[in-house]
Trainee: 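Dropping the structure in here first, questions after.
Chain letters run A, B, ... following the sequence lines, proteins first and then strands; every chain starts at 1. What you are looking at is a predicted structure, and each value in this text was computed from that prediction instead of being measured.
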2 protein chains.
Amino acid sequence: MASINDNYLKLKAGYLFPEIARRVNAFTSANPNAQVIKLGIGDVTEPLPLACRQAMAKAIDDMGDRQTFKGYGPEQGYAWLREKIAQHDFQARGCEVSAEEIFISDGSKCDTGNILDIFGKNNTIAVTDPVYPVYVDTNVMAGHTGDANEKGEYGGLVYLPISAENEFTAAIPSQKVDLIYLCFPNNPTGATATKAYLKEWVDYALAHGSIIFFDAAYEAFITDPTLPHSIYEIEGARNCAIEFRSFSKNAGFTGTRCAFTVVPKTLTAKAADGSDVELWKLWNRRQSTKFNGVSYIIQRGAEAVYSPKGQAQVQELIAFYLENARIIREKLAAAGLMVYGGVNAPYVWVKTPDGLSSWDFFDKLLHTVNVVGTPGSGFGAAGEGYFRISAFNSRENVEEAMERITSTLKLG
Amino acid sequence: MASINDNYLKLKAGYLFPEIARRVNAFTSANPNAQVIKLGIGDVTEPLPLACRQAMAKAIDDMGDRQTFKGYGPEQGYAWLREKIAQHDFQARGCEVSAEEIFISDGSKCDTGNILDIFGKNNTIAVTDPVYPVYVDTNVMAGHTGDANEKGEYGGLVYLPISAENEFTAAIPSQKVDLIYLCFPNNPTGATATKAYLKEWVDYALAHGSIIFFDAAYEAFITDPTLPHSIYEIEGARNCAIEFRSFSKNAGFTGTRCAFTVVPKTLTAKAADGSDVELWKLWNRRQSTKFNGVSYIIQRGAEAVYSPKGQAQVQELIAFYLENARIIREKLAAAGLMVYGGVNAPYVWVKTPDGLSSWDFFDKLLHTVNVVGTPGSGFGAAGEGYFRISAFNSRENVEEAMERITSTLKLG
């Protein structure tokens, strides 16, 4: 008899975004004329940069001629893309990251889940609360947790609460943890990390032999020049951190699919016999065996992000979404809500008014003003009483949504 | 201290194709003027069908207009693609497979590895020998095996030998196995399966509650109308089989990346408490959590495979490679080699002459006539003494390689 991975049965009913989609679909089926504005899932809305489109169109032409046709590419990604990333995103910021340490993939969501493949079963794992749900769910699936309690917290995970009280920066744990997920600029709270704060984490990790999974998918939204874009701006991070990056939120690749993960060759973890094993070698083996690289066409599109025109077009996109975020913050604050984030990040994190639960506020916004956000409790127990509004939409929709909320919705 | 997945340390030195690449690179570095012809890795060489290129170019235009821009798509793939696949590849052949049962992915290699995520640790796993190495290596990584012996066989796996003696069709095992990998048309041997033979496997699986992983990546090469293209042509397969399909080898998508996996909703396996759990639900959860769908642009390219023009262009590609296979078979046979496969498959499986080992024959071909093939022993211990020649190359290269082998190489 074939048997299943029973850990899947520990997962709670629905991954957050499918549940949101379910409620929105139910509402729009019942109210077909409602003009629903979606500021929920962090999905971009504006056209792909022209430079990327032109590069992909040319790549399609390459595929039409056997002289320039591309079959299987390197599982790790093409050298021309890895080199541009290393140069532009790291070396230009003073980070020692080589092209060989960059692995191109089809998404950071995939990579943050798949990275667990190369780690053992007995690591103690820390996540912030609230947190991007994929970090937790993939650990549940891998059998790294016990069952969930009534608040949705899984046994065996170390939760580091973040809230207005600690300015959305988790305290360094007093206990020993082996794997730590950090995300800055933060999803969902929009909080950022200073170099001094990241240095505390790097020092902790070096002292304990821990590995930090640093999710920097939103680094392009950093406008404050004092904030680090990469954890490798912190001394010692090459010996304790893996970084995840994406083209989804800078160049609008959510539907185009390209991302990358940095695994420094200096990074090791322990084998059962106590020896130190290079994580680069394990991840390289994992990717070579279970992945076949990203489409040549898409990699050419990602490469164009680093062209002068691509850079200008990406900056324009970022500025556009950040202006949306500013409008959201100011309008909601003027309406009397407590708002956080949204300055160096595309997410505004709102305290729900009137003591409403996150899902009650979700339903109220959906049913009263037809605006979709994301319930904070969907990101973890400590997100209860908060709500995420995304700046990813057209200016018109953002303004209309804010107008509806501030004028129609009775708050406070 | 963070610890690694020690199972990775059981893996043998190199995945087959990187090892081939290493030897070829060493040879070409030492012999920069050698005109090496690669008939090794099963990688297509001819341009992408025009219909696919046109559809992708149009999709790029869609991405340039916010009205038609696509952000995150369904993790399972777009309905318009899943419906065409269900209709064309299954329903038109009398197979009861619905669009909802089809999961679009970026590769069959990925899917055949990832599928293990949803199964438990205590399944007994059977593979043929020789076999596509990814099936074995992903089981090693997942901790389903013991160490390898000196022949490269991993403890805990059930190996089903295939060779000329049993006409490259594995005997149905006498013992009970829970998960079985079958690949037809076969990689590496080029062998095919009759409906009667697959029926034996389906009956075995139904009797034992086993699940068959059916890899049909090469089904497009079937020209014999009596041979099944899908395991769902066999009665009962919906209750015991998952099928893997790819656009890599029919439409030349090895560098473009699109594939799909069929998980019937009627398929179950056992939870620890003895209950039956729908595998569709687990795979859907796995893909929703650890995958973000295939690029919209690429899915539009795959959709075009099902247009009348796309179908004609794919048929032309297949006929081209099959003619290459015919030339390889006939020339090698005329040169006195024992050849198998290559009729309903793009691979010709050759018995090495003069009792040479597979790698010795590899080195002899590379160094003497500068032709690259794949050592049979790289696919498993029982592949020793065999050699795979791929039909994926230009006519000119195939003819030149055969000319060199038959005229220059001293055989027998």
Side-chain angles (χ1 to χ4, degrees), chain A residues 1-6 8-9 11 15 18 43-48 53 56-57 60 63-66 69-73 106-107 109-110 113 117-120 122-123 134 137-138 141 178-179 209-211 254-257 269-272 277 282 285 288-292 295-298, chain B residues 1-6 8-9 11 15 18 43-48 53 56-57 60 63-66 69-73 106-107 109-110 113 117-120 122-123 134 137-138 141 178-179 209-211 254-257 269-272 277 282 285 288-292 295-298:
Chain A
M1 286 289 194
S3 62
I4 64 155
N5 174 355
D6 278 87
Y8 274 62
L9 305 181
L11 290 164
Y15 176 62
D43 194 4
V44 298
T45 55
E46 302 309 301
L48 273 193
R53 284 182 277 130
M56 290 194 288
I60 290 174
M63 295 301 245
D65 179 340
R66 82 179 309 286
F69 176 80
K70 298 286 183 300
Y72 291 118
D106 65 329
K109 178 174 159 184
C110 318
D117 283 8
I118 66 170
F119 288 93
N122 298 319
N123 292 295
V134 166
D137 288 357
T138 52
M141 291 169 166
D178 304 307
L179 304 177
S210 325
I211 302 288
T254 55
T256 302
R257 312 300 319 140
K270 290 287 178 194
V277 179
L282 298 188
R285 185 63 192 251
S288 301
T289 306
K290 296 180 76 171
F291 184 58
N292 239 329
S295 175
Y296 167 72
I297 298 162
I298 306 301
Chain B
M1 287 289 194
S3 62
I4 65 154
N5 175 356
D6 278 87
Y8 274 61
L9 305 181
L11 290 164
Y15 176 62
D43 194 3
V44 298
T45 56
E46 303 309 301
L48 274 192
R53 285 183 277 131
M56 290 194 287
I60 290 174
M63 295 300 244
D65 179 341
R66 84 179 308 285
F69 177 79
K70 297 286 184 298
Y72 290 119
D106 64 329
K109 178 175 161 183
C110 317
D117 282 8
I118 66 169
F119 288 93
N122 298 319
N123 292 295
V134 167
D137 288 357
T138 53
M141 291 170 164
D178 303 307
L179 304 177
S210 325
I211 301 289
T254 55
T256 302
R257 313 301 316 140
K270 290 287 179 194
V277 178
L282 299 188
R285 185 63 192 250
S288 301
T289 305
K290 297 181 75 171
F291 185 58
N292 238 330
S295 176
Y296 167 72
I297 298 162
I298 306 302

Trainee: Using the ring-ring contact (aromatic ring centres under 6.0 Å, His included) criterion, which residues pair with A:F119? Sequence neighbours excluded.
Mentor: A:F213
Trainee: Side chain from CB out, backbone as N, CA, C, O: work out which of these in A:D6 comes under 4.5 Å of a heavy atom of chain B, or both, or neither.
Mentor: side chain
Trainee: Relative to chain B, which of A:N122, A:V277, A:L179 shows the most heavy atom pairs under 4.5 Å?
Mentor: A:V277
Trainee: Give a yes or no on whether the backbone of B:M1 and the side-chain of A:D178 come within a donor-acceptor separation of less than 3.5 Å.
Mentor: yes
Trainee: Please look at A:M141 and chain B and tell me whether the side chain, the backbone, both or neither of the residue comes under 4.5 angstrom of a heavy atom of that chain.
Mentor: side chain
Trainee: With a 4.5 Å cut-off on heavy-atom pairs, point out which of B:K70, B:E46, B:M56 contacts chain A the most.
Mentor: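 Option with the top pair count is B:E46.
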Trainee: Nearest heavy-atom pair of B:A2 and A:A269: which atoms, and what distance?
Mentor: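 Closest pair (atom of B:A2, atom of A:A269, distance): O-CB, 3.4 Å.
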Trainee: Let's test your reading of the structure: which of B:I118, B:V44, B:L282, B:T254 forms the most heavy-atom pairs below 4.5 Å with chain A?
Mentor: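 Most pairs with chain A among the choices: B:T254.
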Trainee: Which distance, rounded to the nearest 0.5 Å, do you find between the CD1 of A:I298 and the CD1 of B:I297?
Mentor: 4.5 Å
Trainee: In terms of heavy-atom proximity below 4.5 Å to chain B, should A:I60 be classed as side chain, backbone, both, or neither?
Mentor: both
Trainee: Heavy-atom pairs under 4.5 Å with chain B are the metric here; pick the option from A:G209, A:G107, A:G113 that has the most.
Mentor: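 With the most close heavy-atom pairs to chain B, the winner is A:G209.
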Trainee: If you measure from CG on B:D117 to CG on A:D117, what distance do you get to the nearest 0.5 Å?
Mentor: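 CG of A:D117 is found 6.5 Å from CG of B:D117.
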Trainee: When rounded to the nearest 0.5 angstrom, what is the spacing between OG1 in A:T256 and CZ in B:F69?
Mentor: 6.0 Å
Trainee: Measure from the side-chain N and O atoms of A:K109 to the backbone N and O of B:K290, and report whether any donor-acceptor pair falls under 3.5 Å.
Mentor: no
Trainee: Please give me the minimum heavy-atom distance between A:A271 and B:L9, naming the atom from each residue.
Mentor: CB-CD1, 4.0 Å
Trainee: Counting heavy-atom pairs under 4.5 Å with chain B, which one of A:D65, A:T138, A:D106, A:T45 comes out on top?
Mentor: A:T45
Trainee: Name the region of A:I211, side chain, backbone, both or neither, that has any atom closer than 4.5 Å to a heavy atom of chain B.
Mentor: both
Trainee: State, to 0.1 Å, how close B:P47 and A:R66 come at their nearest heavy-atom pair, and which atoms those are.
Mentor: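 Shortest heavy-atom contact: CG-N, 3.6 Å.
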